[in-house]
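A short worksheet on the structure shown next.
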Number of protein chains: 2
Amino acid sequence: MRPEQAHSPKRESGDERRAAVAEAARAIIIEKGLEGLRTRDIAERVGINIATLHYHVPTKEALVALVAESLRDDFKAQALRHPKAGLNGADQLRQEFNEFREIVAEMPELIGVLSELVDRARRDKSIADIILPMQAYWTEQFATVYRLGIADGSFRNTIDPAAAAVITTAALYDCWRPHRRDQLDGVFAELERAFSNPSHASQG
Amino acid sequence: MRPEQAHSPKRESGDERRAAVAEAARAIIIEKGLEGLRTRDIAERVGINIATLHYHVPTKEALVALVAESLRDDFKAQALRHPKAGLNGADQLRQEFNEFREIVAEMPELIGVLSELVDRARRDKSIADIILPMQAYWTEQFATVYRLGIADGSFRNTIDPAAAAVITTAALYDCWRPHRRDQLDGVFAELERAFSNPSHASQG
DNA sequence: TTATCAATCAATCATTTGATTGAGAATTGC
DNA sequence: GCAATTCTCAATCAAATGATTGATTGATAA
């Protein structure tokens with residue numbers, strides 16, 4: 001979001017409105033789910049009239065898609081935060097875990113929004129087209145790390161990178177949930193053991 | 001559900017009505033999510049009047065709890081299907097995977113209902129009280145298998161059973177989703193490799 | 001300054017929604 | 001068989017819901 005212009009009475013631009021709408025909708029989804037998402041509640045939370053909301057985001061469907069896009073964009077920004085060049089597979093995996101820990105710490109409740117959108121993606125192709133590529137991208141990041149680790153010897157060479165990546169992202173996603181959050185570090189450690197190269201370890 | 005009594009014009013009992021309501025609600029949740037669950041649609045699908053629905057299930061909240069309970073009961077029934085006595089850890093793990101494959105094959109779309117209820121559990125304690133113990137029970141099954149496998153030597157002794165169980169159930173759950181279903185066997189195999197005992201394998 | 005377009009609003013629409021009411025039908029127990 | 005109880009229904013309620021309408025305001029370019 002664009003920095004606020006100091007005390008400007010100027011109307012917000014269309015993009016700013018839509019960003020505010022997306023943010024308000026996310027907050028409400030966290031509280032009430034997609035099930036409880038109401039256009040009037042969003043308008044109220046942004047501080048605009050219901051007709052203004054419809055002016056900027058014409059339908060409720062468009063609104064949910066806007067939320068999905070805002071989420072995708074946040075994750076994209078997060079993915080670019082830390083470069084990984086020069087690290088071996090095992091170190092990159094650890095870095096991915098550290099980054100994930102940051103996400104969980106910064107956005108503890110976003111799992112709620114993401115999860116609701118994943119559910120909707122099953123039923124609504126327009127949401128699937130936003131959410132599934134994002135998930136696939138995340139999973140592919142791990143597959144790449146595992147391939148690198150196999151090549152550099154830090155992971156066992158029996159790994160199926162694609163399957164290992166699914167296992168990893170699934171476990172991380174599950175540990176984002178409130179009732180599993182205290183198991184995050186234990187799961188990180190176990191994943192590292194699961195994929196590390198035993199002969200590498202015995203050499204080290 | 002109770003076998004149908006042949007051609008009996010008798011009214012269905014309260015329990016039968018509620019079971020039919022739960023089943024109808026499940027079907028609608030699969031199609032439209034909790035977001036699109038409407039009491040009138042359920043009544044119509046069962047073939048009863050809306051007031052009759054309210055007679056048997058007084059509020060929408062009670063209805064969602066009924067769905068959660070019906071799901072829990074199905075899983076409980078499934079869990080008792082195959083005895084595991086006498087198998088070592090690795091074989092029990094394989095049997096768990098085979099059972100899970102059965103569940104996915106028999107109830108491919110139930111992930112949709114379960115997932116919606118998991119999301120609601122975050123926001124609604126009465127649902128959490130039904131769903132979370134069910135999930136914890138499932139996870140604990142795997143932890144038990146891993147502990148057994150460590151003891152009998154079929155799994156590596158560095159495993160943290162609780163963390164390994166979380167990783168396992170998370171991966172299986174994720175592979176129940178339509179877009180991941182084709183990876184189920186690969187993930188099974190990778191999980192087996194992840195936790196197997198290397199010195200056991202080299203002896204075998 | 002004026003015309004144009006974008007944005008905003010209050011009021012409103014048509015329908016839906018969870019739930020209720022009261023009468024009648026069906027079942028049960030004595 | 002009858003009274004009591006359970007169950008079912010059509011009609012209805014009050015409020016909510018996504019969305020629309022038409023008037024007005026704000027911003028900008030000429």
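So that the names make sense, note that chain A is the first sequence line, chain B the second, and so on, each numbered from 1.
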Separation between CD1 of A:I159 and CD1 of A:I150, rounded to the nearest 0.5 Å: 5.0 Å

From CD (A:E99) to CD (A:Q78), nearest 0.5 Å: 7.0 Å

A:F195 vs A:F155, ring pair (Phe, Tyr, Trp, His ring centres under 6.0 Å): CA-CA, chis, key distance, verdict: CA-CA 6 Å; A:F195 298 121; A:F155 291 137; 7.0 Å; no

Could you work out, with side chain to side chain contact (heavy atoms under 4.5 Å, CB included) as the rule, every residue matching [X], not counting sequence neighbours?
| X | answer |
| --- | --- |
| B:R101 | B:N98, B:L184, B:D185, B:F188 |
| B:L110 | B:R26, B:L71, B:F75, B:M107, B:V113, B:W176 |
| B:R45 | B:A24, B:A27, B:I28, B:E31 |

Atom-to-atom span, [atom1] of [X] to [atom2] of [N] - whole angstrom:
| X | N | atom1 | atom2 | value |
| --- | --- | --- | --- | --- |
| B:R17 | D:dC9 | CZ | C1' | 12 Å |
| A:N49 | D:dT24 | CG | P | 16 Å |
| B:I50 | D:dA11 | CD1 | C1' | 13 Å |
| A:R18 | C:dA7 | CZ | C1' | 12 Å |

Between protein and nucleic acid, restricted to nucleotides 28-30 of chain D and to nitrogen or oxygen atoms under 3.5 Å apart, what atom pairs and distances do you find?
residue: D:dT28; atom: OP1; partner: A:K10; partner atom: NZ; Å: 3.0

Atom pairs under 3.5 Å: protein N/O with N/O of nucleotides 21-25 of chain C:
none

Side chains of A:D152 and A:S154, donor plus acceptor under 3.5 Å: yes

Nearest heavy atoms of A:A68 and A:I131, plus distance in Å: CB-CD1, 4.2 Å

Side-chain donor-acceptor pairs under 3.5 Å in residues 53-63 of chain A, sequence neighbours left out?
residue: A:H54; atom: ND1; partner: A:P58; partner atom: O; Å: 3.1
residue: A:T59; atom: OG1; partner: A:A62; partner atom: N; Å: 3.0
residue: A:K60; atom: NZ; partner: A:L37; partner atom: O; Å: 2.6

For A:D73, all residues meeting side-chain hydrogen bond (donor to acceptor under 3.5 Å, both in side chains), sequence neighbours excluded: none

Residue list, side-chain hydrogen bond (donor to acceptor under 3.5 Å, both in side chains) with A:R180, at least two apart or on another chain: A:D174, B:T139

Sequence neighbours excluded, every pair satisfying salt bridge (charged side-chain N to carboxylate O under 4.0 Å, His left out) that has a member inside residues 155-173 of chain B: A:E190-B:R156

Pairs involving residues 128-145 of chain A, ordered by first then second residue, that meet salt bridge (charged side-chain N to carboxylate O under 4.0 Å, His left out) (sequence neighbours left out): A:K125-A:D129, A:E140-A:R147

Residues touching DNA chain C, which here means a heavy atom under 4.0 Å, drawn from residues 31-48 of chain A: A:R40, A:I48

Residues within residues 52-64 of chain A bordering DNA chain D, heavy-atom distance below 4.0 Å: A:H54, A:T59, A:K60

